[in-house]
Number of protein chains: 2
Amino acid sequence: MKEIKSKIRIKDIAVLAGVSEGTVDRVLHQRGDVSAKSLEAVNKVLEEINYMPNLMARSLASKKHYRFVCLFPAHQPTDYWQSINDGFNMAADEFLHHNVQIEKKYFNQFDAQTFIATSNEILETKPDAVFIAPIFRNETLQFTSKLVELQIPFSYIDSMIEETDFVTYYGQHSFQSGYIAAKLLLHSGCANNKILIIRTQRKGAMSNQTLNRNSGFMQYINDNGLAEKLELINVEFKDDDEMANLEVLREVFATHTTIKAAITFNSKAYRLAMHLETLKKLDVQLIGYDLLEQNVDYLKKGMIAYLIAQRPEKQAYCTVRDMCKELIFKQKVSTINYVPIDVLMKENIDYYSRFKE
Amino acid sequence: MKEIKSKIRIKDIAVLAGVSEGTVDRVLHQRGDVSAKSLEAVNKVLEEINYMPNLMARSLASKKHYRFVCLFPAHQPTDYWQSINDGFNMAADEFLHHNVQIEKKYFNQFDAQTFIATSNEILETKPDAVFIAPIFRNETLQFTSKLVELQIPFSYIDSMIEETDFVTYYGQHSFQSGYIAAKLLLHSGCANNKILIIRTQRKGAMSNQTLNRNSGFMQYINDNGLAEKLELINVEFKDDDEMANLEVLREVFATHTTIKAAITFNSKAYRLAMHLETLKKLDVQLIGYDLLEQNVDYLKKGMIAYLIAQRPEKQAYCTVRDMCKELIFKQKVSTINYVPIDVLMKENIDYYSRFKE
DNA sequence: TTCAAATCCGTGTTCGCACACAGAAAAATT
DNA sequence: AATTTTTCTGTGTGCGAACACGGATTTGAA
């Protein structure tokens with residue numbers, strides 16, 4: 001159990017095994033040209049000690065260079081994707097001296113053609129690895145099949161396509177996070193009176209994440225026999241017309257006077273909060289996703305009761321780090337990695353945001 | 001704003017400034033013996049580019065060795081302190097190749113004499129830095145004053161003594177975590193009927209952390225005008241006699257039939273959960289601190305409603321890392337660092353525990 | 001037996017940095 | 001002007017690992 005921690009070098013192994021450094025190196029890297037005798041001697045020593053190569057010396061000496069390309073949506077500085085961007089930057093800093101170069105490519109998340117175009121550009125440059133936000137399922141499948149052909153490893157970020165052969169996925173279990181959202185919103189034991197729920201969603205195809213959160217939310221309601229007691233009101237927000245959204249809400253509240261709770265399954269809870277503030281509906285419990293600046297502002301103000309967060313920077317960072325582990329350090333990494341479902345409220349948001357680890 | 005990320009070496013700076021590598025090195029490390037002309041030339045180049053030394057090459061070349069000593073309570077593998085231990089081990093692994101050696105020293109947290117004895121032992125070995133869990137205030141003050149004398153930097157872990165001159169502190173804002181505990185336990189809008197609260201505490205001096213959590217808890221009650229509506233029942237648990245504890249509880253429940261919630265401010269919520277299970281009091285909302293295995297088990301079973309966690313491994317890890325930054329890499333670190341107040345329930349505990357980043 | 005091919009393995013160089021040391025240049029002293 | 005002293009600076013070595021190179025040994029075929 002007790003592993004002694006001391007620096008063992010190739011030179012030490014060589015002495016212990018009675019061979020030269022070069023031979024130890026050949027054994028370690030399975031480069032062949034080693035006699036059975038030497039091989040056995042070295043392996044014996046390796047079994048006894050726990051050799052941990054000095055990764056710093058290794059990448060210093062290594063002449064190999066790696067180019068990793070990230071493919072994800074173009075965004076504004078306050079968007080969710082900015083956090084992903086930040087995580088990639090963190091990784092870029094850290095692995096720069098390990099001869100890793102990180103390149104970012106963006107596509108328009110409302111236009112599949114831009115995804116295709118950009119992914120083709122990427123293919124032409126023959127990167128050593130690719131990180132993909134698979135917003136467009138079919139287009140992503142096309143892309144990854146070409147990557148497989150070219151033997152370029154890739155990882156998913158944000159969501160994944162299970163049947164493809166990716167290296168890692170870091171993301172939240174959306175279903176479960178929807179379940180938790182429902183619990184937080186509805187678990188006050190006093191559900192004897194009707195509670196109404198608003199759901200806002202972008203028109204057209206909802207993203208996988210959003211759909212799964214919704215399913216989890218409904219599951220909680222069913223699990224707790226709340227389907228009868230609750231009335232769910234679906235409101236569709238327009239992406240570009242907040243005046244219209246406000247009017248829709250005004251109408252909803254005119255016809256339904258006992259609305260006590262509201263939720264959005266995308267990251268735009270602040271829009272709902274904004275309108276509720278305008279309408280002076282301060283007693284509506286609101287829950288949303290992701291720590292956009294505007295969401296956080298409304299959380300601190302008390303207009304949003306809970307935000308569910310998922311450490312997007314960590315997701316991006318870990319994705320890059322694991323690719324380095326796999327490709328450069330030859331360490332095994334686990335494929336599917338769910339990140340914590342963090343529950344934030346105005347009382348703990350500050351400590352959470354400030355802690356950048 | 002846009003900092004170009006490319007590898008700039010001392011050699012490059014030397015060429016740009018028209019001097020030799022040695023001179024650049026002398027400027028960078030302020031070792032003197034540089035003519036005004038050369039100094040200016042090098043500084044000019046340094047201002048223009050953003051030189052980031054290759055830390056890996058640096059510690060490879062460096063012959064300096066560092067010995068960091070950790071001083072914290074001896075513990076069982078299931079204790080809270082084990083997580084701190086784990087965090088120190090993680091750091092030990094990571095910084096081993098930066099010529100950092102980490103030594104752990106334990107004291108008996110119920111016996112100040114062992115703290116004094118061990119701290120004296122540490123002083124004799126003249127370490128390069130010390131990490132202290134300041135369980136005993138006066139004894140810690142004595143220790144740190146000697147450290148200051150010997151110019152040995154030190155950091156606090158778990159709690160801190162503000163007026164001393166420490167490098168970092170990583171820990172939770174206990175007051176706020178108590179406040180949140182109260183909110184989670186009591187915020188169900190339906191507080192019209194009386195809710196009773198049990199608090200268990202070890203006899204004798206409660207730790208600072210525990211006291212602050214308690215204060216935060218009371219603050220929430222006052223802030224929300226619940227003082228009148230609630231009755232707080234204090235129960236003192238014995239550390240070594242669970243049979244007695246059970247009997248005390250049995251009596252309490254006999255006299256107070258409407259107990260709806262319970263809390264412990266230390267990390268031993270599982271003891272309370274265990275007894276509540278025995279007494280078949282399954283409708284009591286229980287909240288506790290820290291992810292001990294046993295706590296997590298009861299959380300998953302549903303006997304504990306919430307656990308508040310504080311990433312102790314991260315605390316220990318960051319403490320070591322920051323000391324390296326300060327001492328070895330000459331980077332500035334921030335002194336007081338509050339970690340997130342994580343809210344765990346049976347629905348998100350799995351993703352949290354499995355995520356080891 | 002001879003010789004080429006296959007197999008085996010030690011040496012030397014490289015990476016970016018720190019630091020020692022020698023020795024050049026400048027300044028101060030005869 | 002010749003010297004000593006002081007100030008300054010370039011070169012060289014080593015850190016640990018990777019890998020190319022080529023010399024040494026073994027094997028197999030002729």
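Lettering of chains follows the sequences in order, A, B, ..., and the numbering in each one begins at 1. As the structure is a prediction and not an experimental result, all values here were calculated from the model. Reckoned from all heavy atoms, side chains included, excluding hydrogens, waters and symmetry mates.
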Sugar-phosphate only, base, or nothing, as touched by S59(B) at under 4.0 Å among non-hydrogen atoms: nothing
Residues touching DNA chain D, which here means a heavy atom under 4.0 Å, drawn from residues 13-23 of chain B: V19(B), S20(B), G22(B), T23(B)
Rounded interatomic separation in angstrom, taking NE2 from H29(A) and P from dC9(C): 18 Å
Look for any protein N or O under 3.5 Å of an N or O in nucleotides 14-16 of chain C and output each such pair with its distance, or none.
{"residue": "dC15(C)", "atom": "O2", "partner": "L60(A)", "partner atom": "O", "Å": "3.3"}
{"residue": "dC15(C)", "atom": "O2", "partner": "A61(A)", "partner atom": "N", "Å": "3.3"}
{"residue": "dG16(C)", "atom": "OP2", "partner": "R9(B)", "partner atom": "NH1", "Å": "3.0"}
{"residue": "dG16(C)", "atom": "N2", "partner": "A57(B)", "partner atom": "O", "Å": "3.2"}

H97(B) side-chain N/O to dG16(D) phosphate OP1/OP2 under 4.0 Å: no
Parallel, tilted or perpendicular: ring planes of F107(A) versus F115(A), cut at 30 and 60 degrees: perpendicular
Full working for side chain to side chain donor-acceptor pair (under 3.5 Å) between T164(B) and Y156(B): CA-CA 10 Å; T164(B) 53; Y156(B) 288 125; 2.7 Å; yes
side-chain contact (heavy atoms from CB on, under 4.5 Å) between D322(A) and Y170(A), intermediate numbers included: CA-CA 10 Å; D322(A) 281 4; Y170(A) 278 87; 2.6 Å; yes
Between dC15(D) (C1') and L55(B) (CG): distance, integer Å: 16 Å
E121(A) atom CD, over 12 foreign heavy atoms within 6.0 Å: yes
Distance in angstrom units between K330(B) NZ and dA18(C) C1', rounded: 13 Å
Nearest-angstrom distance from the residue atom CZ of F329(A) to C1' of dA18(D): 14 Å
Nearest listed nucleotide, side chain of R26(A), among dC19(D), dA18(C), dC9(C): dC9(C)
K356(B) atom NZ, over 12 foreign heavy atoms within 6.0 Å: yes
K64(B) NZ - dC17(C) C1' separation (whole Å): 12 Å
Atom pair distance, as rounded to whole Å: CG in L39(B) and P in dT9(D): 9 Å
d(CG, D25(B); P, dA18(C)) in whole Å: 5 Å
Parallel, tilted or perpendicular, as decided by the 30° and 60° cut-offs, for the rings of F72(A) and W81(A): tilted
Sidechain-backbone polar pair: Y317(A) side chain, P312(A) backbone, donor-acceptor under 3.5 Å: no
Atom pair distance, as rounded to whole Å: CE in M52(B) and C1' in dC17(C): 15 Å
ring-ring contact (aromatic ring centres under 6.0 Å, His included) involving F68(A) - partner list, sequence neighbours excluded: F131(A)
